[in-house]
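Model, not experiment: these values are computed from the prediction. To find a chain, count down the sequence lines: A is the first, B the second, and so on, and within it residues start at 1.
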Amino acid sequence: MLLEIKNLKAGYGDLEVLKGVSLEVKGGEVVALLGPNGAGKSTLLKSIVGLTKKTDGEILWKGRDLGRLPTHALLEEGIGFVPQGRLVFPSLTVRENLEMGGYLLDHKETLEKNLESVLMRFSVLKNKIKSRAGLLSGGEQQMLAIGRSLMMSPELLILDEPSLGLAPKIMTEVFEKLKELNQGGTTLLIVEQNVRFALRYASRGYILGNGEVRFSGRVEELSDPRKMHEAFLM
Amino acid sequence: MEVILQILINGILAASVYGLIAGGLSFLYATTKIFHLAHGVVVVGGGYAFWWAAAKLGWPMWAAVIFALIVSALAGVAMNEFVYEVLRKKGTKGLGYLIATLALLTLGTAVVLALFGAAPKTFNFETSSHEALGVVVTTLQFWIIATSALLLGIFYWTQKFTKFGKAMRATADNETVAEVLGIDTKRIRRSAFALSSILAAAAGILIGLEFNLDPNMGVLLAVKGFAASVIGGVGSFGGAIIGSLIIGIVEQVVVWFGGAGWRNAATFLILFLFLLFKPSGLFGSKRET
Ligand SMILES: Nc1ncnc2c1ncn2[C@@H]1O[C@H](COP(=O)(O)OP(=O)(O)O)[C@@H](O)[C@H]1O
Ligand SMILES: [Mg+2]
């Protein structure tokens, strides 16, 4: 098991958002995390990468408790995170954004090598390498945010609503890129509001509702509209 | 013609000092989102430290300069560590920082007053005058402009091209994402205070050499720096330099026609006009995030 979350509780101040969530991700999988707005999906992802402090439960990475490891340690462990909202550094160039993705790399050669391979994967970025990231289109910014997280060659990439606010055609492009990534060996945990996409690209899924797991299983089961309805309304 | 040139030169001279202050203020705002008005007293502290070492203790010039840079850097970093970081941990918002920075400005001024007294300090620095095209410039003034330009240039270069400078700009753009990528933003903030305080010390030294040091001038310097960074667009380093040039030159024009008494009023008038008609400043960016 790559990532194992057991009975996780977390929140903000007095507000408990996650009320005991358990979730597993095996190496090589694409796991979708679905659920209505405010269900706690982002909070769950933020807890994994240490941006939100857990109050109870366990987060195991390859069987080891991640405990209170600082973010840079997680990156070095091979966990990458693309936060919600296409958050590139708008005033930095595309190249500088990617360099920041590899901030923790000690060797300039490794940085250049990884930069080269990210640009191979995202050729749209190659043509705009010197543009300010704030001037890119929405789809390009999302590609950049993903590309930036690949600079550390993560084993597990965690994405928070990568398709948010993108046109359907661009969404497909983004997901095709993610699929390629997965075929190259990267495990993916994706929060996705768009059920259709989740069903098409993921192998397993979880539905989160009001801080609890409402459903978990193979995506085929999810495509049963009654199950879906139950999960969302429960 | 000579008059215009002379006004221009004097304006650039003042802007050399303002730019060192405003550039630091704007940079600090970008990286920490704090309007560090106590920066004014960091300038004063650097100036006095230099005066104390050079004029009072008779240290060689270079040693006094290094001493002043260290004093200011420590003062700026201490303000960050013991006040701003503490507030940040408690989740303080804008107004809390404003009160804190005004308190630091007042406190710092009181410390300088207690240590050095109220009488202004001067250096009586020996310098020669040069005349060309009907304009008079002293050797010292030439060096002030050159030093300021060089320091601001080096600062800009480190921001633009070094890994740490890029990380500072990334933190300015989005602190949370910077953290997600493993950038130690606390260390970034500390370094930002150290660097801008070094620029502040340089401003203090130059003020001491060319004009004179007054323990109460921190407030006015903070206001000038604030005005220049607002005019340039808050958070824009280059904008702060342009803003400083505008203020420096307009002040000299006003002084020429209206007398020295109108000098500071001119700063406020420009600031007011910008807040009214162009609040985002010349190079202010409306960030998408
Ligand atoms: N920084 C925060 N501070 C306080 N409450 C928050 C914060 N972020 C999210 N919340 C609250 O936590 C709950 C879950 O939010 P979130 O995890 O973002 O849900 P989702 O990603 O599933 O839409 C919501 O009620 C939201 O208002
Ligand atoms: Mg969310």
Greater than 12 external heavy atoms within 6.0 Å of [X]'s [atom1]:
| X | atom1 | value |
| --- | --- | --- |
| Tyr156(B) | OH | no |
| Lys278(B) | NZ | yes |
| Phe164(B) | CZ | yes |
| Arg88(B) | CZ | yes |

Part of Phe161(B) within contact of chain A (heavy atom distance under 4.5 Å) |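 The answer is neither part of Phe161(B).
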
Taking the side chain as every heavy atom from C-beta outward, state whether Val177(B) and Pro83(A) have any pair of such atoms under 4.5 Å apart.
->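 Counting from C-beta outward, Val177(B) and Pro83(A) do come under 4.5 Å.
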
Check whether any side-chain heavy atom of Leu181(B) lies under 4.5 Å from a side-chain heavy atom of Met151(A), and answer yes or no.
->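 No, every pair of side-chain atoms sits at 4.5 Å or beyond.
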
If you measure from NZ on Lys163(B) to CE on Met100(A), what distance do you get to the nearest 0.5 Å?
->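 So the gap between those two atoms works out to 7.0 Å.
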
Is it true that a side-chain atom of Asn174(B) and a backbone atom of Phe89(A) form a donor plus acceptor pair closer than 3.5 Å?
->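 The answer is no, because no donor-acceptor pair under 3.5 Å joins these two groups.
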
Steps toward side-chain contact (heavy atoms from CB on, under 4.5 Å) verdict (Glu96(A), Arg169(B)) = CA-CA 10 Å; Glu96(A) 287 169 342; Arg169(B) 286 189 285 129; 2.9 Å; yes

Return the option, out of Val82(A), Leu74(A), Thr71(A), with the maximum number of heavy-atom pairs under 4.5 Å with chain B.
->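 Top option by heavy-atom pairs under 4.5 Å: Thr71(A).
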
Where does Leu51(A) contact chain B at under 4.5 Å (heavy atoms): side chain, backbone, both or neither?
->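 The side chain, not the backbone.
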
